[in-house]
Amino acid sequence: MASKLKVIDFFSGAGGFSEGFRQAGFDVILAIDNWQIAVDTHNENHPDGLAIKDDVIRISNLPDNDFHKLIPDTEVIIGSPPCTDFSNSNKSGNGDKSKGIELVEAYLRIVARKKFKRRSKLKYWILENVPKIQNHIQESYSAKDLGLKGLWSLIVMSGNSGVYNAKYFGVPSNRKRYFCGEFPEPKRTIDDDSKLILLKDIIQALGAPKEKLHQKILDPIYNIKLAGEDVSDHHYTQLLSDFEKKKAKRLKQDKGYMGKMSFPENPEKPARTIMATMSFTSRECFVLGDDYSKLRAPTIREVASLMSFPIDYKFYGSSLGTKYRMIGNAVPPKMAIALAKGILNKERKNIILNGYQMIRHPQKLAFSNLNFNEIPIKEEKPKKVTARFKYHIPYFKFETYRVELTNHHSDFNNLNFKWTAEIHYNQGKEKAKKYTPSLDHIGFDKTDLRTADKLFTMSIRKKIVNPKEFQRFHCMTAEEVKQNQVLEPYAFLEQVREFLDKSFQFDRDHNHVLVAEAPGVLPTPIAIGYYILKRFTQLMENTNE
């Protein structure tokens with residue numbers, strides 16, 4: 001039998017990268033991560049190797065004897081430095097990259113120390129991260145760049161480096177990641193979009209929580225069966241609260257100039273990228289169900305299968321958030337298999353496996369199975385007294401203009417609140433513009449407008465309060481708003497939209513009005529919406545007098 005190629009996995013997490021290489025017949029002899037729960041998960045699913053808790057930066061700077069004693073020689077090194085610093089979800093991609101770069105360079109330092117040592121065995125190495133990392137790493141690093149001695153240069157962006165979408169490698173998720181290093185090009189297993197594995201394929205195979213508890217469950221990716229009661233972390237339900245559903249829908253379908261997203265998820269497509277955070281009041285949240293009143297979070301088993309983990313893979317840790325984070329941070333095993341097979345083909349090693357090899361769990365650690373847990377519906381909490389607000393008239397955009405209501409110009413330190421209306425145009429650093437023209441400088445016929453404005457203000461006159469009170473209403477929970485029968489900012493904007501729809505006929509052929517200030521001309525619907533919001537903020541200010 002051909003000898004197995006040996007692998008070390010850095011930033012190994014729960015072991016997705018390792019699992020792919022295991023399935024391809026490699027010997028993953030060592031895995032390193034600084035999160036103990038992830039180390040435990042790796043050890044319990046890969047008992048033939050060893051996962052340890054350690055710091056990669058520390059390891060990369062060890063003296064030679066200590067370094068090579070800890071890190072054995074292998075033919076392959078794989079690694080996935082934490083991607084949070086480079087992700088678009090981190091302050092819209094504008095977060096501090098220094099820590100992420102430090103971790104990447106530590107990994108490269110380790111690769112270089114193994115590659116350029118005498119009688120090196122290392123032939124292949126791979127770094128995985130989000131696509132945006134390309135803008136923050138070099139094509140190659142000299143020894144000096146990495147704080148080492150030597151005249152060599154480590155090529156990081158080789159000919160096969162690039163962005164790969166996991167959905168074309170048998171992963172039921174639309175997950176784009178950047179792979180660089182020295183490795184053969186992985187071969188797609190799916191070239192036709194009509195043959196992609198869809199979200200519904202996973203949902204139907206696993207069944208709804210508890211639906212197949214007393215049946216056999218067939219893993220739709222690996223074609224293995226487990227008794228329903230042996231499939232962990234699936235037989236429980238996590239329903240969304242009303243406030244979570246409302247906020248998620250607003251962020252997904254009416255988030256400024258961003259595109260509309262499915263809500264709930266579209267089962268006829270591969271799943272969107274599985275994130276590492278399990279929030280259901282964000283644009284990236286993942287929501288399932290066809291009954292709005294019973295929308296739910298995916299189970300841990302569902303997201304694991306969507307990331308192509310086999311159904312006998314177990315995730316340690318006692319909380320939903322911990323397990324979800326491990327899965328969302330992982331390299332999908334099916335993507336890793338394709339990379340591993342590329343190396344095997346290059347090495348002309350034909351290791352034949354008789355189908356999927358079930359995981360042999362040593363069960364050295366207690367496992368917290370979420371099955372049958374009662375997951376309470378999340379209770380909304382009041383916002384901080386200084387909570388910011390910035391939102392537009394819902395679903396009301398013309399020629400990339402929107403009308404927004406905001407409290408961002410308040411003196412939050414002294415609790416002196418100010419609500420203002422703004423016109424926003426387009427987005428991005430170069431194109432985005434903000435306008436706040438005087439109402440007297442908008443050149444439309446104000447007779448009908450003032451009549452309409454009068455009708456609107458009369459309809460909400462009793463609910464107009466001073467800015468500080470309006471801020472207090474903004475900080476209330478939905479239940480408190482209902483009990484006190486007050487008008488909070490989101491509800492106000494919804495009423496504005498309803499009023500505009502009833503009072504005016506807007507269509508694609510809308511007119512324009514001249515403005516004596518910038519921008520010079522505005523779509524009539526935007527001008528009218530701005531007029532209403534501006535008048536409302538003026539009336540609030542007048543209540544202080």
Side-chain angles (χ1 to χ4, degrees), residues 4-33 35 37-52 74 76-80 124-128 164 166-167 169-173 175 177 179 183 186 189 197 202 219-224 226 231-233 274 276 300-317 323-344 351 353-363 365 367:
K4 292 184 176 182
L5 296 176
K6 292 181 171 57
V7 183
I8 299 178
D9 187 355
F10 290 91
F11 308 102
S12 53
F17 222 158
S18 293
E19 176 60 16
F21 275 79
R22 177 194 81 86
Q23 290 186 39
F26 286 69
D27 188 3
V28 183
I29 63 172
L30 179 64
I32 298 172
D33 200 274
W35 188 19
I37 293 173
V39 170
D40 293 341
T41 296
H42 198 290
N43 278 326
E44 288 292 323
N45 289 280
H46 300 93
D48 295 330
L50 172 66
I52 61 172
T74 58
V76 183
I77 290 177
I78 56 178
S80 181
Y124 308 99
W125 66 273
I126 309 171
L127 183 151
E128 182 265 4
Y164 294 86
K167 70 180 181 180
F169 297 89
V171 180
S173 300
R175 187 181 184 89
R177 287 296 184 267
F179 291 87
F183 58 94
T189 57
I197 305 175
I202 301 301
D219 189 315
I221 300 174
Y222 298 99
N223 202 35
I224 58 171
L226 281 182
V231 175
S232 61
D233 297 333
I274 301 299
I300 291 299
R301 181 54 52 196
E302 285 170 328
V303 292
S305 290
L306 290 170
M307 283 285 281
S308 76
F309 279 96
I311 58 174
D312 61 337
Y313 208 95
K314 292 184 177 181
F315 299 91
Y316 282 70
K323 294 179 184 241
Y324 202 96
R325 176 183 163 192
M326 280 192 283
I327 296 167
N329 280 332
V331 175
K334 274 291 187 179
M335 183 74 240
I337 290 172
L339 291 159
K341 286 185 175 179
I343 293 174
L344 291 179
I351 298 176
L353 300 175
N354 296 319
Y356 173 77
Q357 302 297 305
M358 299 285 285
I359 295 171
R360 179 172 55 84
H361 296 282
Q363 298 181 336
L365 300 173
F367 176 65

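Only heavy atoms go into these numbers, but all of them, side chains included; no hydrogens, no water, no symmetry mates.
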Legend entry - Side-chain donor/acceptor of E128 to backbone N/O of I126, under 3.5 Å: no
Legend entry - Under 3.5 Å donor-acceptor, D33 side chain and A38 backbone: no
Inset, instruction - Inspect the contact between K314 and D233 and indicate whether a charged nitrogen and a carboxylate oxygen are less than 4.0 angstrom apart. - result: no
Legend entry - Heavy-atom donor-acceptor pair, S308 side chain to K334 backbone, under 3.5 Å: yes
Inset, instruction - Give the intermediate values and the outcome of side-chain hydrogen bond (donor to acceptor under 3.5 Å, both in side chains) for residues E44 and Y316. - result: CA-CA 9 Å; E44 288 292 323; Y316 282 70; 3.3 Å; yes
Legend entry - Approximate separation, where rounding is to 0.5 Å, of N329 CG and S80 OG: 8.0 Å
Inset, instruction - Just do the salt bridge (charged side-chain N to carboxylate O under 4.0 Å, His left out) check on D27 and R22 with the steps written out, would you? - result: CA-CA 6 Å; D27 188 3; R22 177 194 81 86; over 6 Å; no
Inset, instruction - Can you measure from NE2 (H46) to CD1 (I29) and round to the nearest 0.5 angstrom? - result: 14.0 Å
Inset, instruction - On the 0 to 90° scale, with breaks at 30° and 60°, tag the F17-F179 ring pair as parallel, tilted or perpendicular. - result: perpendicular
Legend entry - Flag, side chain of D219 to backbone of P310, donor-acceptor distance under 3.5 Å: no
Legend entry - Intermediate values then yes/no, side chain to side chain contact (heavy atoms under 4.5 Å, CB included), Y313 and T41: CA-CA 9 Å; Y313 208 95; T41 296; 4.2 Å; yes
Legend entry - Interatomic spacing from CG in D48 to NZ in K4 - rounded to 0.5 Å: 7.5 Å
Legend entry - Centroid separation F315 to Y324 less than 6.0 Å: no
Legend entry - From OH (Y124) to CD1 (I77), nearest 0.5 Å: 14.0 Å
Legend entry - Side-chain donor or acceptor of S173 paired with backbone N/O of L306 under 3.5 Å: yes
Legend entry - Donor-acceptor pair, side chain of R301 and main chain of S232, under 3.5 angstrom: yes
Inset, instruction - Mark yes or no for whether D312, through its side chain, and I359, through its backbone, hold a donor-acceptor pair below 3.5 Å. - result: yes
Legend entry - Side-chain heavy atoms of N45 within contact of E19, under 4.5 Å: no
Legend entry - 4.5 Å side-chain heavy-atom contact, V303 and F309: no
